[in-house]
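A quick write-up on the structure given underneath.
Note that this is a predicted model, so its numbers are computed, not measured. Quick note on labels: first sequence line is chain A, next is B, and so on, each numbered from 1.
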Number of protein chains: 2
Amino acid sequence: MVLLDVQELSDQIKTIHPITLSSEKALSSICKEVAFSKGKNVQEIGHTCKTIYFVKKGVVRIYYFKDAIDITESFEFENAFVARAESLFTGKPSRKAIQAIENTTLIAIDSNKLFKLFDTHSDLERLFRKIIEISYVNTVNRIESLQFNTAEERYKSLLKDTPDVLKRIPLKYVASYLGITQVSLSRIRGVK
Amino acid sequence: MVLLDVQELSDQIKTIHPITLSSEKALSSICKEVAFSKGKNVQEIGHTCKTIYFVKKGVVRIYYFKDAIDITESFEFENAFVARAESLFTGKPSRKAIQAIENTTLIAIDSNKLFKLFDTHSDLERLFRKIIEISYVNTVNRIESLQFNTAEERYKSLLKDTPDVLKRIPLKYVASYLGITQVSLSRIRGVK
DNA sequence: ATGATTATTTATCATATGATAAATACTTTT
DNA sequence: AAAAGTATTTATCATATGATAAATAATCAT
């Protein structure tokens, strides 16, 4: 029996909403560690999302296809949670996939078991409520950026706010994340 | 003592997550009914959001200014919940305002009192977790639309999915919601 | 009802970004 | 190290949307 190391997860939880030792054990009992090498899909398009991931090491992206064009919806780095919300919270199959951009180690949390745990561990429900709140605020801010900033403004805020994205993610993925083509991004970067 | 009529709120709650009678009473005890005439601000820019509203009658929008230009972030119609998430969930003052677009009646829920109720009424916490999940899914879908659909595609989906917006909301507000200028929207509408 | 204000449309010109193609640069595999 | 495959940049041309201004239409206040 391999002991699961959820230290990074526990540390991250403490910064959001501390939970009891009993809840921590219950949570860890529904976790599995999974590893994906660079480029591999963690979850496929068409699959119904029943797992919430925590990034222990590496980076992943959520992506989908529009008119056969690969579009990156989001990136998640170490210590972030990842799930395809539109599937997880509706029970419908997802039109999106999750892919490892680097060799990545994830902690996989079984969402059905987690939702059951909420009945007996209210601190876990509160923790995940707060995690959703944080994700929600992030997407609201992202809408603001996409709604009325120019591509150049969006690129510059990314450079300023999350330079890691530009260091660790191929530009072809960054471009669609910013809502532009790769060629446009290259042009914007070229301007001094 | 005026009895508060929260029938619409109760009905809406039932469709999301049924709660006990005790929770329903507790919730109603922290609610107030408030009315705003057309054009009036429900909450001002710079104010820290401590209220979650439920739209009983009318429409509101959340808006802010970018370079002195009025931008509509979202609309909410009857039976929807409204709050400026980026302030409510962070405790920071909001850069956004809430405005009544028609004569509007809202049910105002005191968020601090609500968060306290969560300690004793776990079904209320679950209800609001689900409300946040729904809002989160909506914003994720909105990002998808802003990220790679053309202005014309966005206008047409709006026409198809929420025709009420185009019937009840002045086009100048709809334009910025779609991420375009009013003149562009007018041009797109003109095309047969 | 009348005039004043506000909202919407139409027109013209400017510009940012898209589409396509080709040239480099960088990685990976053998 | 060479070859093959990817990723990025550069160039050219096309187009959707922006900016501004002016005309029309709708709404509001007296």
Applying side chain to side chain contact (heavy atoms under 4.5 Å, CB included) to Asp11(A) and not counting sequence neighbours gives Gln7(A), Lys14(A)
For residues 79-88 of chain A, the side chain to side chain donor-acceptor pair (under 3.5 Å) pairs (sequence neighbours left out) are Gln43(A)-Arg84(A), His47(A)-Arg84(A), Glu86(A)-Ser94(A)
Original post:
If you measure only the distance, is there a donor-acceptor pair under 3.5 Å linking the side chains of Arg61(B) and Thr72(B)?
Top reply: yes
Whether each nucleotide of nucleotides 13-30 of chain D has a protein heavy atom under 4.0 Å at its base (B), only at its sugar-phosphate (S) or at neither (-) is summarised, 5' to 3', as ----BBSBB------S--
Hits for side-chain hydrogen bond (donor to acceptor under 3.5 Å, both in side chains) against Lys56(B), two or more places apart or cross-chain, chain-then-number order -> Glu33(B)
Measure from [atom1] on [X] to [atom2] on [N] and round the result to the nearest Å.
| X | N | atom1 | atom2 | value |
| --- | --- | --- | --- | --- |
| Asp70(A) | dA7(D) | CG | P | 10 Å |
| Glu102(A) | dT27(C) | CD | P | 14 Å |
| Ile169(A) | dT8(D) | CD1 | P | 11 Å |
| Gln182(B) | dT8(C) | CD | C1' | 6 Å |
| Leu171(A) | dT9(D) | CG | C1' | 10 Å |

Quick note, Pro170(B) side chain, CB onward, closest among dT9(C), dA7(C), dT9(D) is dA7(C)
Axis-to-axis angle across the helix from dA1(C)-dT30(D) to dT30(C)-dA1(D), five pairs each end, nearest 10 degrees, ~ 60°
*asked:* Taking the ring centre of each residue, are Phe81(B) and Tyr53(B) less than 6.0 Å apart?
replied: no
Shortest non-hydrogen pair, Thr51(B) vs Ser111(B), comes out as N-OG, 3.8 Å
Checklist entry - Is the number of heavy atoms from other residues, nucleotides or ligands within 6.0 Å of NZ (Lys66(B)) greater than 12? => result yes
Excluding Phe65(B), membership of its hydrophobic cluster (Ile, Leu, Val, Met, Phe, Trp, Tyr; side-chain heavy atoms within less than 4.5 Å) reads Ile45(B), Tyr63(B)
